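Here the structure is a predicted model, which is why all the values come from computation and not from measurement.
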Amino acid sequence: MIRRILVANRGEIARRILRTCRAMRIETVAVYSEPDATEPHAHEADSAVALPGATAAETYLDIDALIGATKSSGADAVHPGYGFLAENASFARRVLDEGITWIGPSPEAIETMGSKLASKRLVQSVGVPILDGVDLSGLEPTATAEAAVTIGFPLLVKASAGGGGKGMRIVRSPQDLVPAVEGARREAGAAFGDDTVFLERYLEAPRHIEVQVFGDAGGRVISLFERECSIQRRHQKIIEEAPSPALDAELRLEMGEAAISVASAVGYTGAGTVEFLYQDGAFYFLEMNTRLQVEHPVTEMITGLDLVRLQIEVADGAGLDLVPSISGHAIEARLYAEDPANGFLPVTGTFHRFSFPDRKGLRIDSGVEAGSEVSVFYDPLLAKVIGHAPTREEAAAAVATALRQASIHGSVTNRALLVRVLEHPEFLAGRFDTHFLDRHDPVTLSAPLADPELEHLAAVAAALSDQVAERERARVLRSLPSGWRNNPARTQQRTYEGGHGTYVIEYEAARGYRVPGLGGLEVLECTADRAELRIDGIVVGFEVARYHDIRHVDSALAPVRLTALPRFPSTGPSDSPGSLHAPMPGKVIRVEVEPGRRVSSGQVLLVVEAMKMEHSLRAPHDGIVVEVDCAPGDQVEAGTLLVVISDETIAST
């Protein structure tokens, strides 16, 4: 009988596992790195063990440290969650060798299915269709090029180990093949410790559909139905749902039986996911994930099952005595600290407020809370917002509304993009594929959710609340309005910058907070953190929070972020034209230019690695490199000056 579980993970999934353990009255042990010392998962467990260091390699990927923490804490079982060492056969084997229960499949199953090449061979042997592919291990460039021609362009370069879009490149022409293979190998080696890559046929408009399977020690394997995961960015899922709108009952059964065949062939136990690509009525095996998936909540919502509980029970020797069925529809949106308008670059920073409405059918699996800081060292996933309802349309509306009404005060997130995808006609009609975000510009989708009129009203609310807050902070004469003068008719002024422009708000504080020039606007209530306005008979309440010069103004309609502009802006030196800065905090892993070198527009200048992904910094125009202010291995903050390029027209005069 399992009595104490060490959760070898962090963030959202660690908290998710802890929640089920509490319900089962099983003691828990958390582990945490130095940056995670104050994060929620570190203090929600019954006990916690510090892992010295900051990077993933020093902490959550250190097998010796995790085994030491398990033994010192007296834990008799380990749950790996997802990511990190969840699909590491060596870790699973080490746990078992120490006489500790491993909550997951056997090391042999992890090894077989962890290699995309080995798994394809096994899957093909049981009659499940696969896409054509070629292993590049040991192949010289000439042989690699020949293999590519055999498969045909476009094709994919893919890492054999791991997943999540890491070590993956689309190649559309022969001249792009070599750099794509080299980049995929580097990224795969850094992320998974295995730089094996292969080529695979590329489908132009597939859907990504996966089947949740579960196996027990008695050899029974069942399907818990499929999940649709086609809304992706950088080959990583951001919206998932169950069941898939693309499948009918017959195809659902066929894909479920194929997934069971795959899992049975490897003697699978515990939770696993068999992923397929689906196009034009045909499906192809993609890979098998030998762990719990990020998107498992949508399966839980439609089946009523707790998959973490099932994992623990199966690891403890229980059999699968259930006949699952589907009830309603569930949709999950992944909220990330990233900037969709800037190539989905991850961002860091503190979240001062992080809360969602509490409603029936709504579930929030969060890794952060108010005061949490997003670190450069780990994945930028903040939370998963899951809605369950009788129909797909109602589930989508529930998630979109929750995102609109959430109080998320801190760094940039992908919230607006998620809402617009969930409300998009193509999504609601169920007619989409993995290239949805190629067809629909992420910059447009991530524009502010509030329209200019609502943003203007939010600026009014911010101005009036700022007025009250200033008087409350005043040392003397607090009863007088700020800027008081003998002529009470004179207006005061505050200026805010929003997503749609600049708003100059004039108001009369001495006369009950009147705002001239806005027609029928009435101020019904005004405090330091709230303003209630009525315009044209409609009442809107705004909650105002201030963090230095940033104002977050929340309402039932949409969130608004404003910057309060100073009355007397300071002037300072600006960067030279052609100055290129770090787009996010990270580590410089490659510098390809030096001062004096001529470069052309679009040429890669250097590569920065952040949150386990590579990001190339490219020349914005033709020119000559004037300055290089970084070197491989440098850890840089967002905004750090890295390279300066002269304008080609200037350089040639």
List the steps, then state whether side-chain contact (heavy atoms from CB on, under 4.5 Å) holds for Leu117 with Ser160. CA-CA 6 Å; Leu117 291 168; Ser160 180; 4.0 Å; yes
Would you please test Glu241 and Arg392 for side-chain contact (heavy atoms from CB on, under 4.5 Å) and show each step? CA-CA 9 Å; Glu241 60 182 304; Arg392 184 171 182 268; 2.6 Å; yes
Apply side-chain contact (heavy atoms from CB on, under 4.5 Å) to residues Val7 and Val31 and explain how you reach the verdict. CA-CA 7 Å; Val7 182; Val31 290; over 6 Å; no
Go through the steps for Asp365 and Arg19 under the test salt bridge (Lys or Arg N to Asp or Glu O under 4.0 Å), then give the verdict. CA-CA 10 Å; Asp365 283 12; Arg19 187 166 68 243; 3.3 Å; yes
For Leu199 and Val171, run side-chain contact (heavy atoms from CB on, under 4.5 Å): C-alpha distance rounded to whole Å, both residues' side-chain angles, the deciding distance at 0.1 Å, then the answer. CA-CA 10 Å; Leu199 304 182; Val171 183; over 6 Å; no
Run the salt bridge (Lys or Arg N to Asp or Glu O under 4.0 Å) test on Glu287 and Lys120 for me, step by step, so that the C-alpha distance in whole Å, both residues' side-chain angles and the decisive distance to 0.1 Å come before the verdict. CA-CA 8 Å; Glu287 63 184 7; Lys120 281 176 175 289; over 6 Å; no
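Contact of the Ile231 side chain with the Lys237 side chain is not registered, since no non-hydrogen atoms from C-beta on lie closer than 4.5 Å. Contact of the Tyr278 side chain with the Ser244 side chain is not registered, since no non-hydrogen atoms from C-beta on lie closer than 4.5 Å. The shortest side-chain heavy-atom distance between Arg10 and Ser33 does not fall under the 4.5 Å cut-off. Inter-residue side-chain proximity for Lys116 and Phe198 is flagged as met; some heavy-atom pair is nearer than 4.5 Å. For the pair Ile67/Val95, a side-chain contact is recorded, criterion being any heavy-atom separation below 4.5 Å from C-beta on. Looking at heavy atoms from C-beta onward, Leu139 lies in side-chain contact with Val134 at the 4.5 angstrom threshold. Counting heavy atoms from C-beta on, the side chains of Ile17 and Cys21 come closer than 4.5 Å. Residues Val262 and Met113 form a side-chain contact, since some pair of their non-hydrogen atoms from C-beta on lies under 4.5 Å apart.
Using modelled atom types, no side-chain atom of Asp176 and backbone atom of Pro179 make a donor-acceptor pair closer than 3.5 Å. For the pair Tyr336 (side chain) and Ile238 (backbone), a donor-acceptor distance under 3.5 Å is absent. Looking at Arg16, its side chain never comes within 3.5 Å of a backbone N or O of Gly81 through a donor-acceptor pair. Between the side chain of Thr150 and the backbone N or O of Glu146, at least one donor-acceptor pair lies under 3.5 Å. Using a distance-only test at 3.5 Å, with no hydrogens or angles considered, a donor-acceptor pair links the side chain of Ser230 to the main chain of His208. Of the possible polar contacts, one joining the Asp306 side chain to the Arg309 backbone as a donor-acceptor pair under 3.5 Å is found. Using modelled atom types, no side-chain atom of Glu12 and backbone atom of Gly367 make a donor-acceptor pair closer than 3.5 Å. Checked by atom type and distance alone, the side chain of Lys158 never pairs as donor or acceptor with a backbone atom of Glu200 at under 3.5 Å. With Asn414 contributing its side chain and Leu417 its backbone, the two residues share no donor-acceptor pair below 3.5 Å. Using modelled atom types, one side-chain atom of Ser446 and one backbone atom of Val443 make a donor-acceptor pair closer than 3.5 Å.
By the side-chain hydrogen bond (donor to acceptor under 3.5 Å, both in side chains) test, Arg185 pairs with no residue at all, sequence neighbours left out. By the side-chain hydrogen bond (donor to acceptor under 3.5 Å, both in side chains) test, Gln311 pairs with His79, sequence neighbours left out. For Thr70, there are no side-chain hydrogen bond (donor to acceptor under 3.5 Å, both in side chains) partners at least two apart in sequence or on another chain. For Phe283, the ring-ring contact (aromatic ring centres under 6.0 Å, His included) partners are Phe276, not counting sequence neighbours. Contacts of Arg431 classified as salt bridge (charged side-chain N to carboxylate O under 4.0 Å, His left out), with partners at least two apart in sequence or in another chain: none. For Thr401, the side-chain hydrogen bond (donor to acceptor under 3.5 Å, both in side chains) criterion is met by no residue, not counting sequence neighbours.
For the side chain to side chain donor-acceptor pair (under 3.5 Å) with Thr273, the lone residue among His296, Arg227, Arg291, Glu210 that qualifies is Arg227. Checking each of Thr28, Ile13, Ile5 against Leu18 for a side chain to side chain contact (heavy atoms under 4.5 Å, CB included) leaves exactly one that passes, namely Thr28.
Taking the ring axis of Phe344 as reference, the NZ or CZ atom of Arg234 does not stay both within 45° of it and closer than 6.0 Å to the ring centre.
In this structure, Asp321 places its CG atom where only 12 or fewer heavy-atom neighbours from other residues, nucleotides or ligands lie under 6.0 Å away. Annotation for Glu250: atom CD does not count as buried by contact number, only 12 or fewer foreign heavy atoms lying within 6.0 Å.
Ring-centre distance between His388 and His329: not below the 6.0 Å cut-off. For Tyr268 and Phe214, the gap between ring centers reaches or exceeds 6.0 Å.
With respect to Arg233 and Glu338, a salt bridge is recorded, a charged nitrogen being found less than 4.0 Å from a carboxylate O. Between Glu332 and Arg363 no salt bridge is recorded (no basic side-chain N to carboxylate O distance below 4.0 Å). For Arg207 and Asp433, the salt-bridge test fails: no basic side-chain N is under 4.0 Å from an acidic carboxylate O. At a threshold of 4.0 Å, the pair Arg93-Glu111 counts as salt-bridged, since one of the basic side-chain nitrogens sits closer than that to a carboxylate oxygen. Checked for salt-bridge contact, Glu240 and Arg334 meet the test: a charged N lies under 4.0 Å from a carboxylate O.
Atom CG of Leu286 and atom CG of Leu131 lie 7.5 Å apart (nearest 0.5 Å).
When all heavy atoms are compared, the tightest approach of Ala259 to Val213 is CB-CG1, 3.8 Å.
Using a 3.5 Å distance cut-off with no hydrogens or angles, the side chains of Ser90 and Arg94 do not pair a donor with an acceptor. A donor-acceptor contact closer than 3.5 angstrom is absent between the side chains of His435 and Gln232. Side-chain contact of Glu295 with Gln212: a donor-acceptor pair under 3.5 Å is absent, judged by distance alone. Side-chain atoms of Tyr378 and Glu39 form no donor-acceptor pair, as typed in the model, at a separation below 3.5 Å.
Classification of the Phe436-Phe432 ring pair by plane angle, with boundaries at 30° and 60°, yields perpendicular.
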